Amino acid sequence: LCREDPTLERHFKGHKDAVTCADFSPNRKQLASGSVDKSLMIWNLAPKARAFRFIGHQDVITGVQFSPFGKLVATSSKDRTVRLWTPSMKGESTVFKAHTAAVRSVAFSHDGQRLVTASDDKSVKVWSVHRQCFVYSLSQHTNWVRCARFSPDGRLIASCGDDRSVRLWDTSTKHCINCFTDYGESATFVDFNSSGTCIASSGADSTLKIWDLRTNKLIQHYQVHSARINSFSFHPSNNYLISGSSDSTVKILDLLEGRLIYTLHGHKGAVITVAFSRGGDLFASGGADSQVLMWRTNFDTKPYQDVLQQHSRRATPDPPPHLADIHPRGPHLHHSQPTTVQVSSVLLHMQSTRSTPTQAAANSHLSNGLPACQIASSRVEEWTGVDSAGRTGSTAEAGGGRRGRREDEEEERGQTHPLEVLSGHPSSVDSILRHIVQQLDILTQTVSVLEERLTLTEDKLKECLVHQSQILKDVRSSGERRRRTDSDEADGSPVHFTGGQPHPQL
């Protein structure tokens, strides 16, 4: 990989079902994730640190976010509640109840004083964090609301949902001041960029759109995924955006150039959530494979002109966007091998019958209806790192192993330098080496072109199969209706059809 390419740093395994949401703490020391398994996990990013599981929600956790100062974690759930957690060993939480259906998202205002939630009850609600109570509702959506976010200055709220609209609300007047209705299917996610000048929204139709709020105009429109986009995140610089999709990939968009620059293949199954860290040097992704992957950004460290120059040297048979597919090094994460983070079986089953003081305290939490979490630190296994050969060690040692491999690769490339010393004709050796490098570049570009063509062919084949199955389904349903009509006409009875709406995906 080139130095500016994103790389997979670590993967966290502890959830028992699909990971639906993730967020970094402001100090970048922790990573929170929620899951279909109803648990909230707090992963400590320091080497050999411990992970904590918080139990309290009665259904799927759909959203998670750290407060701006990192002292609280908010979660939303399909159990119709919102919880505020203290991310410590006690695992205490406060329950917020006002929605009458599943809550799909939760987010803090940038001053940490308010929460905004979106729900299947077709409303957006605002809550007071300090008073721990519901404040007001925004109710003009005509179907389930999937996501809601505050603007950086707190004056606006953006929301989107299954009514195929993106709405903009004024928090002072509580009025809807704008409505974008360009989507052919459900709008799945919405957020502001860090300056608050733009909002982006994604859809079940695999599109991602960016509007300039100063002119209320659509300024960018991407269709780089081949399936539903479930989540996206702006880089703090506003120059990049990452998106996760049901097509199993994470895409990285260059917003200044307006094109796709990377496609990351790390998950097996849908990618449900993606999130940049507050500094932008890391980002996380979680998906249907129950894993949380943490990536190092890298591409934002080089001067922008250098990145452009790198891309201009790449050959592609198609016009932009350019696809650069990145597969994590080493064996696939789903092959049987040790994992980077493990939680002990004792820790995962809190309802132990032993009568030690700490376990009794945990059981008392459960009996009182309060969330249980890891209380005895001795019951939590330490994190271990895994190198490409499957050996375990500390995370720092694993990182050292990666550095060692890079140094080995550089030494292998550097073995050409002694030839210049031994040869009496350094200039001829230089020209030969330059020629070899040029040939290698041509081979690399050829491989890149072939990979892109294979990817495009695969996408086309998938589309053809989907269309073919849809045509067959339509033909079958048409024939069945025809048979029913003929049968009903024969006995003189009226024909009845019942229509239903498919249950939206998570």
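From a predicted model like this one, the values you see are computed outputs, not experimental measurements. All values below come from the heavy atoms of this structure, side chains included, with hydrogens, waters and symmetry mates left out.
If you check the side chains of Asp17 and Ser35, you find no donor sitting under 3.5 Å from an acceptor. At a cut-off of 3.5 Å, with distance as the only test, a side-chain donor of Thr197 or Ser195 sits close to an acceptor on the other residue.
A search for side chain to side chain donor-acceptor pair (under 3.5 Å) contacts involving Glu185 returns nothing, not counting sequence neighbours. Under the rule for a ring-ring contact (aromatic ring centres under 6.0 Å, His included), the partners of Phe232 that lie at least two apart in sequence or sit in another chain are Phe189. Taking the ring-ring contact (aromatic ring centres under 6.0 Å, His included) definition, one finds that Phe66 meets it with nothing, sequence neighbours left out. Qualifying ring-ring contact (aromatic ring centres under 6.0 Å, His included) partners for His57, counting only residues two or more places apart in sequence or in other chains: none. In this view, Thr273 satisfies the side chain to side chain donor-acceptor pair (under 3.5 Å) rule with no residue, not counting sequence neighbours. Residues meeting the side chain to side chain donor-acceptor pair (under 3.5 Å) test with Asp281, sequence neighbours left out: Arg28, Ser277. With sequence neighbours left out, the side chain to side chain contact (heavy atoms under 4.5 Å, CB included) criterion links Ala98 to Lys125, Trp127, Phe134. Take Asp111 and apply the salt bridge (charged side-chain N to carboxylate O under 4.0 Å, His left out) test, not counting sequence neighbours, and it matches no residue. Considering only residues two or more places apart in sequence or on other chains, Ser105 meets the side chain to side chain donor-acceptor pair (under 3.5 Å) condition with none of them. Not counting sequence neighbours, the partners of Lys174 by the side chain to side chain contact (heavy atoms under 4.5 Å, CB included) test are Tyr136, Leu138. For Phe192, there are no ring-ring contact (aromatic ring centres under 6.0 Å, His included) partners, not counting sequence neighbours.
Under the 30°/60° scheme for interplanar angles, the aromatic rings of His235 and Phe299 are found to be tilted.
Put simply, the side chain of Ser137 never gets that close to the backbone of Ser139: no donor and acceptor are under 3.5 Å apart.
Shortest non-hydrogen contact noted between Ser151 and His110 is O-CD2, 3.8 Å.
Distance CZ/Phe96 to CG/Leu84: 4.0 Å, rounded to 0.5 Å.
The side chain to side chain donor-acceptor pair (under 3.5 Å) test with Arg104 singles out one residue from Thr20, Asp120, Thr62, and that residue is Asp120.
Applying the salt bridge (Lys or Arg N to Asp or Glu O under 4.0 Å) test to every pair with at least one member in residues 58-77, sequence neighbours left out, gives no pairs at all.
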